Undergrad: 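Got a structure for you, written out below as structure tokens; questions coming shortly.
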Number of protein chains: 2
Amino acid sequence: MDTFASIGDFIREKREAAEVSVRQLAKAAGVSNPYLSQIERGLRKPSAEVLQLLAKALSVSAETLYVRAGLLDEDSSRKFTAETIANDPELNDFQKSQLLALYSEFLITNNSKES
Amino acid sequence: MDTFASIGDFIREKREAAEVSVRQLAKAAGVSNPYLSQIERGLRKPSAEVLQLLAKALSVSAETLYVRAGLLDEDSSRKFTAETIANDPELNDFQKSQLLALYSEFLITNNSKES
DNA sequence: GCCGAGTGCTTGCATTTGCAAGCAGGCGAA
DNA sequence: TTCGCCTGCTTGCAAATGCAAGCACTCGGC
């Protein structure tokens with residue numbers, strides 16, 4: 001599975017579903033229309049910045065496009081729970097340490113159950 | 001705030017915290033060491049693929065680096081925290097619900113403090 | 001038929017990304 | 001002192017990205 005051909009197909013599919021032309025989407029996203037055409041046909045591999053612009057213009061999340069492009073794993077959020085909590089800007093340091101302590105406690109509990 | 005200078009600072013910080021040299025990290029990530037040096041100094045703007053490689057070598061999530069690089073919005077991180085907890089295979093359902101309840105409580109507390 | 005407006009795509013080029021080869025320096029051992 | 005190994009960085013270059021100018025086509029109106 002060629003990921004970047006896949007993202008091109010996905011973008012074309014979304015564009016056609018939205019019933020807009022290559023030129024219209026390109027203009028809305030702020031990229032050149034030949035380049036968008038090349039992306040859709042898998043001839044070029046757009047940067048994450050371009051994917052971000054296209055996501056916004058297509059009203060889909062950037063994450064969706066990144067996953068399609070192989071730039072994010074659907075597994076990755078699962079692996080780094082502790083880090084995600086630590087980086088959450090909505091939480092203060094005390095709250096983070098409380099969540100992390102509880103999380104660690106659960107891990108220890110689960111590990112001792114498995115032993 | 002120049003986002004890509006910021007990602008360079010962040011990568012250097014993580015590398016130094018891990019006590020590895022530019023060459024060691026570059027090798028671990030599979031990128032050239034001069035290029036890594038340029039990234040750290042903000043002279044080059046790495047692609048998402050390179051950020052993905054560096055994230056893995058630094059044991060941080062790709063999302064963390066993407067947010068730092070402006071490729072993902074922090075609003076998405078907030079969604080990811082809840083989702084990350086819900087998807088963590090190390091936790092059972094009860095544990096998940098406890099963490100999510102605590103997390104929600106903190107969000108409500110923080111939102112009412114701001115209002 | 002011609003024209004204008006639209007369509008997706010071709011092509012050449014400027015700029016950027018990432019690399020390989022190498023430089024300059026520090027440090028410890030002989 | 002020299003040597004070997006390590007360090008971060010410089011530099012020139014190949015390949016990739018993204019664009020502007022333009023082509024060929026379709027369609028509807030006159």
Side-chain angles (χ1 to χ4, degrees), chain A residues 1-58 60 62-72, chain B residues 1-58 60 62-72:
Chain A
M1 169 55 67
D2 183 9
T3 299
F4 272 91
S6 167
I7 188 65
D9 292 338
F10 184 77
I11 287 165
R12 183 183 290 256
E13 189 186 302
K14 288 290 177 182
R15 177 177 62 78
E16 288 174 348
E19 296 184 343
V20 296
S21 67
V22 170
R23 274 186 161 96
Q24 288 168 340
L25 177 59
K27 181 167 184 179
V31 302
S32 76
N33 74 75
Y35 188 55
L36 174 58
S37 174
Q38 288 171 329
I39 290 165
E40 288 190 351
R41 288 172 289 131
L43 298 183
R44 288 282 200 268
K45 178 174 139 184
S47 64
E49 280 88 353
V50 170
L51 289 178
Q52 200 174 23
L53 292 172
L54 288 170
K56 202 165 286 186
L58 284 169
V60 301
E63 288 96 322
T64 299
L65 293 190
Y66 294 165
V67 169
R68 283 285 179 152
L71 299 176
L72 276 178
Chain B
M1 169 53 68
D2 183 8
T3 301
F4 273 90
S6 165
I7 187 66
D9 292 339
F10 184 77
I11 288 165
R12 184 181 292 252
E13 189 184 304
K14 288 289 179 185
R15 176 176 64 78
E16 287 174 349
E19 295 183 342
V20 296
S21 67
V22 171
R23 275 186 160 92
Q24 288 167 338
L25 177 59
K27 183 168 182 178
V31 302
S32 77
N33 73 74
Y35 188 55
L36 175 58
S37 175
Q38 288 171 328
I39 292 166
E40 288 190 349
R41 287 171 291 130
L43 298 184
R44 289 278 201 270
K45 180 172 137 187
S47 66
E49 281 87 356
V50 170
L51 289 178
Q52 202 175 20
L53 293 171
L54 288 170
K56 201 164 286 186
L58 284 168
V60 301
E63 289 96 322
T64 298
L65 293 190
Y66 292 167
V67 169
R68 285 286 177 151
L71 298 175
L72 275 179

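Bear in mind the structure is a predicted one, so any value in this text is a computation, not a measurement. Convention: sequence-line order gives letters A, B, ...; per-chain numbering from 1. Just so you know, these numbers use all the heavy atoms, side chains as well, and skip hydrogens, waters and symmetry mates.
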Undergrad: Using a cut-off of less than 4.0 Å, is there contact between a side-chain N or O of A/Ser21 and OP1 or OP2 of C/dT7?
TA: yes
Undergrad: Filter on salt bridge (charged side-chain N to carboxylate O under 4.0 Å, His left out), then keep only pairs touching residues 19-31 of chain A, sequence neighbours left out; what's left?
TA: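 Matches after skipping sequence neighbours: none remain.
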Undergrad: So does A/Gly70 get a backbone contact from the side chain of B/Gln52, meaning a donor-acceptor N/O pair under 3.5 Å?
TA: yes
Undergrad: A/Ser47 side chain N/O closer than 4.0 Å to the phosphate oxygens (OP1, OP2) of D/dG18?
TA: yes
Undergrad: Counting N and O atoms only, with roles assigned by atom type, does the side chain of B/Tyr66 sit under 3.5 Å from a partner on the main chain of A/Leu71, one being a donor and the other an acceptor?
TA: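 A pair under 3.5 Å: yes.
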Undergrad: Looking at A/Arg12, does any N or O in its side chain come under 4.0 Å of the phosphate oxygens OP1/OP2 on C/dC9?
TA: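 Yes, because at least one side-chain N or O of A/Arg12 sits under 4.0 Å from OP1 or OP2 of C/dC9.
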Undergrad: On DNA chain C, nearest-nucleotide positions of B/Asn33 versus B/Leu43: which is more 5'?
TA: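 The residue closer to the strand's 5' end, by nearest nucleotide, is B/Leu43.
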Undergrad: Find which nucleotide of DNA chain C each of B/Val50 and B/Pro34 is nearest to by heavy atoms, and output the residue with the more 5' nucleotide.
TA: B/Val50
Undergrad: To the nearest Å, give me how far apart CG (B/Leu51) and C1' (C/dT17) are.
TA: 12 Å
Undergrad: Considering heavy-atom distances to DNA chain D, does A/Val31 or B/Gln24 have its closest nucleotide positioned more toward the 5' end?
TA: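 Here B/Gln24 is the residue nearer the 5' end.
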Undergrad: Over how many whole Å does the gap from A/Leu53 atom CG to D/dG18 atom C1' extend?
TA: 12 Å
Undergrad: If I compare all heavy atoms of B/Leu54 with all of B/Ala29, which pair ends up nearest, and what's the gap?
TA: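 For B/Leu54 and B/Ala29, the tightest heavy-atom pair comes out as CD2-CB, 3.7 Å.
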Undergrad: Between P on D/dG18 and NZ on B/Lys45, what's the gap in Å once rounded to a whole number?
TA: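 Roughly 9 Å, once rounded to whole Å.
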Undergrad: So, under a plain 3.5 Å distance rule, would you say the side chain of A/Arg23 forms a donor-acceptor pair with the base of C/dG6?
TA: no
Undergrad: A/Gln52 has an atom CD; how far is it from atom C1' of D/dG18, in whole Å?
TA: 16 Å
Undergrad: Do the charged groups of B/Arg68 and B/Glu13 touch, with an N to O distance under 4.0 Å?
TA: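 Between B/Glu13 and B/Arg68 there is no salt bridge, as every charged N stays at least 4.0 Å from the carboxylate O atoms.
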Undergrad: Atom CZ of B/Arg44 and atom P of C/dC19: how far apart are they, to the nearest Å?
TA: 11 Å
Undergrad: Return the value, rounded to whole Å, for the distance between atom CD of A/Glu49 and atom C1' of C/dT17.
TA: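 To the nearest whole Å, that distance equals 12 Å.
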Undergrad: How close or far is atom P of C/dT7 from atom CD of A/Gln38, stated in whole angstroms?
TA: 18 Å
Undergrad: In whole Å, what is the span from the CZ atom of A/Arg41 to the C1' atom of D/dG18?
TA: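 About 14 Å, once rounded to whole Å.
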